[in-house]
Amino acid sequence: MVKPSTVIGIDIGGTALKIGQFLADGACVNQTTLPTPQPPHPQAMVELIAAAIEQLDPKPNHRAIGVGTPGPTDPSGRIALIGINLLGWREVPLADLLEAKLGLPTFVANDANCAGLGESWLGAGRNFQNLILLTLGTGVGGAIILNNQLFTGSYGAAGELGLITIDADGDPCNSGNNGSLEQHLSVQAIKRKTQKTPTELAKLAASGDKTALAFWEQYGKDLGAGLASLIYVLTPEAILIGGGISASAEFFLPSTKKEIEKRVVGISRMESQLLTAELGNQAGMVGAAKLAWENLQTATSRLGEATASPNKSNPTKVGWVKPPLHPTKVIQQK
C-alpha cells in the first residue's frame, strides 16, 4: 500500500524547535519538540533538523519542508534575514542549507506569518477568507490573510502589525518607532507598567482584584485602538488574538470589542468577529506545513506547464526546480 505524501513543518524558536509531519488535509502524522542548539549556529540547526526528520520519517515519503523563523525573511522565502532570539543570525540562507542537506524543496517565512497560515488553515480562521492575526507575547506580531492568501507585500515585510503607532510620543520601540502597539501590549510593556507578569495579573483579576481588573480593561482599550486602524485599512471578516497573553483574553477582550465599536463605523466592521486563536503554540508548525504544501503545489504546477511545453533551447529537467517564489501565494502591492 502506497503511503500518502506528507510535508514537514518546522517552527524555530529561541529555546525550542517544533517539527511535525503533515498530510495534505492538515492531519499531523508525527511530531517532536527539541531544544534549540546553543549557541544556535545555522549549521548545527540544520544538522539537528535533519536528524529529527530522519527519526520522524525513517522511510521518507515527505516531499517538501516549510520553516517558520523568528524574524523577517527575504521576499523569495529562502533567506532568514534576522533571527530574533537566535544569536548571530544574519542573512542565513536557510532554504539552501536545508535543501543541500536533505534534497527537498524548502520554504522559509516569518513565524508570525506561519502562525497566521496555520490558524487560517486549521484554526479559528478556517471559516474566513479575510482575516488578521495579532500575536501578543514577548513582542507583538501579526499576519494578514486576504482571499485565503498570505499578504507580505512587495518586499516580503508586510504584516508587522505590532509596529503601528497608537501614541506618537510614546515609549521608543526597537524598530525606531515611538508609541507602537508593541510598546503598549507586549509582555515587556506589561511588566514596565505594573512590575508584574501577565500570568500574575490574570490570577489577581480572577480573584477580583480591582487594580488588576482595571489594568486589563485599559489593556483591552489600547488593543481596540490599534485594531481600529487595522480594521479601517483591511476590513477583515475576523480578527484573531493569539500569543501567550491571549490566555487572559476573558479579562480584556470585552473592552477591546467596546473600543472597536466606539471607534469604527458600522460599514467598516459589519459582521467582523473578534476571536481568540485556537492552535496555541502549534500554530507556527502547522502554518509552516501549509507553507510547504502551497508552494509545492505551485512549483509542481509550474513544472508541469514547463514539461508540457518544453523549450528546446533550454529544456526543463523533471525534478525540483527552484522557482522565484514568495513565502506562499502572495498578493503583490500595486
Side-chain angles (χ1 to χ4, degrees), residues 5-13 17-24 29-32 34 36-37 40-83 86 88-111 113-114 117 150 152 156 284-307 314-330:
S5 296
T6 62
V7 298
I8 301 294
I10 303 170
D11 182 19
I12 297 179
L17 288 174
K18 298 182 184 70
I19 304 175
Q21 181 183 7
F22 291 83
L23 297 170
V29 179
N30 292 300
Q31 64 176 304
T32 187
L34 300 168
T36 300
H41 189 277
Q43 195 58 51
M45 192 81 74
V46 168
E47 295 296 331
L48 180 60
I49 289 171
I53 291 174
E54 184 176 357
Q55 287 188 340
L56 279 182
D57 193 17
K59 296 180 179 180
N61 71 323
H62 49 272
R63 298 174 56 201
I65 299 170
V67 186
T69 64
T73 65
D74 73 313
S76 67
R78 302 195 61 78
I79 299 171
L81 298 177
I82 300 172
L86 296 176
W89 275 50
R90 293 291 187 277
E91 298 188 3
V92 175
L94 189 56
D96 286 343
L97 291 173
L98 285 168
E99 286 178 359
K101 181 70 177 178
L102 297 167
L104 290 169
T106 301
F107 311 95
V108 182
N110 169 270
D111 55 359
N113 282 339
C114 284
L117 279 174
L150 177 65
T152 61
M285 179 180 68
V286 172
K290 180 62 170 175
L291 180 78
W293 275 121
E294 287 198 348
N295 278 300
L296 182 62
Q297 290 163 359
T298 301
T300 301
S301 175
R302 290 178 178 176
L303 183 60
E305 292 172 3
T307 304
N314 184 22
T316 301
K317 294 181 180 179
V318 176
W320 167 241
V321 178
K322 294 179 185 177
L325 296 177
H326 283 269
T328 185
K329 295 188 234 174
V330 174

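- Taking each heavy atom of Ala95 and Gly77 in turn, the nearest pair found is CB-O, 4.4 Å.
- With values rounded to the nearest 0.5 angstrom, Leu98 atom CG is found 5.5 Å from Ile65 atom CD1.
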message: One pair to check against side chain to side chain contact (heavy atoms under 4.5 Å, CB included): Leu81 and Asp74. What are the steps and the verdict?
response: CA-CA 6 Å; Leu81 298 177; Asp74 73 313; 4.2 Å; yes
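- Listed by chain and number, the residues in a salt bridge (charged side-chain N to carboxylate O under 4.0 Å, His left out) with Glu91 amount to none (sequence neighbours excluded).
- In the displayed structure, Glu54 atom CD is contacted under 6.0 Å by at most 12 heavy atoms of other residues, nucleotides or ligands.
- Remark: side-chain polar atoms of Trp293 are not paired, donor with acceptor, to backbone N or O of Ala64 under 3.5 angstrom.
- With values rounded to the nearest 0.5 angstrom, Met45 atom CE is found 5.5 Å from Leu17 atom CG.
- Put simply, the side chain of Trp89 never gets that close to the backbone of Pro70: no donor and acceptor are under 3.5 Å apart.
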Worked verdict on Leu296 versus Arg63 for side chain to side chain contact (heavy atoms under 4.5 Å, CB included): CA-CA 8 Å; Leu296 182 62; Arg63 298 174 56 201; 3.7 Å; yes
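- Contact detail for Cys114 and Gly68: the closest heavy-atom pair is SG-CA, 3.6 Å.
- Taking the side chain as every heavy atom from C-beta outward, Thr32 and Gln55 never approach each other to under 4.5 Å.
- Nearest heavy atom pair, residue Ile49 against residue Ile12, reads CD1-CD1, 4.4 Å.
- The shortest heavy-atom contact between Asn61 and Asp57 is N-OD2, 2.9 Å.
- Summarising the geometry of Thr69 relative to Ala80, their closest heavy-atom pair is OG1-CB, 4.3 Å, with the distance given to 0.1 Å.
- Shown here for Ile8 and Ala292, the closest heavy-atom pair between the two residues is O-CB, 4.4 Å.
- A distance-only check finds no donor-acceptor pair linking the side chain of Asn30 to the backbone of Gln21 [under 3.5 Å].
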message: Go through it in stages, so that I can follow the logic: the residues are Arg90 and Ile82, the test is side chain to side chain contact (heavy atoms under 4.5 Å, CB included), and I'd like the CA-CA distance, side-chain angles, deciding distance and then a yes or no.
response: CA-CA 5 Å; Arg90 293 291 187 277; Ile82 300 172; 3.6 Å; yes
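- Shown are Ile19, Thr73, Leu291, Thr106; of these, the side chain to side chain contact (heavy atoms under 4.5 Å, CB included) with Val67 is made only by Thr106.
- Taking CG of Asp111 as the reference point, atom CD1 of Ile10 lies at 13.5 Å (rounded to 0.5 Å).
- Separating the CZ atom in Arg78 from the CG atom in Asp96 is a distance of 4.5 Å, to the nearest 0.5 Å.
- Leu97 places a side-chain heavy atom less than 4.5 Å from the side chain of Pro42.
- At least one donor-acceptor pair closer than 3.5 Å links the side chain of Thr36 to the backbone N or O of Gly13.
- Using modelled atom types, no side-chain atom of Asp11 and backbone atom of Lys18 make a donor-acceptor pair closer than 3.5 Å.
- Remark: Phe22 CZ to Gln31 CD distance equals 6.5 Å, nearest 0.5 Å.
- Here the straight-line distance linking atom NE2 of His41 with atom CD of Glu47 works out to 11.0 Å at 0.5 Å rounding.
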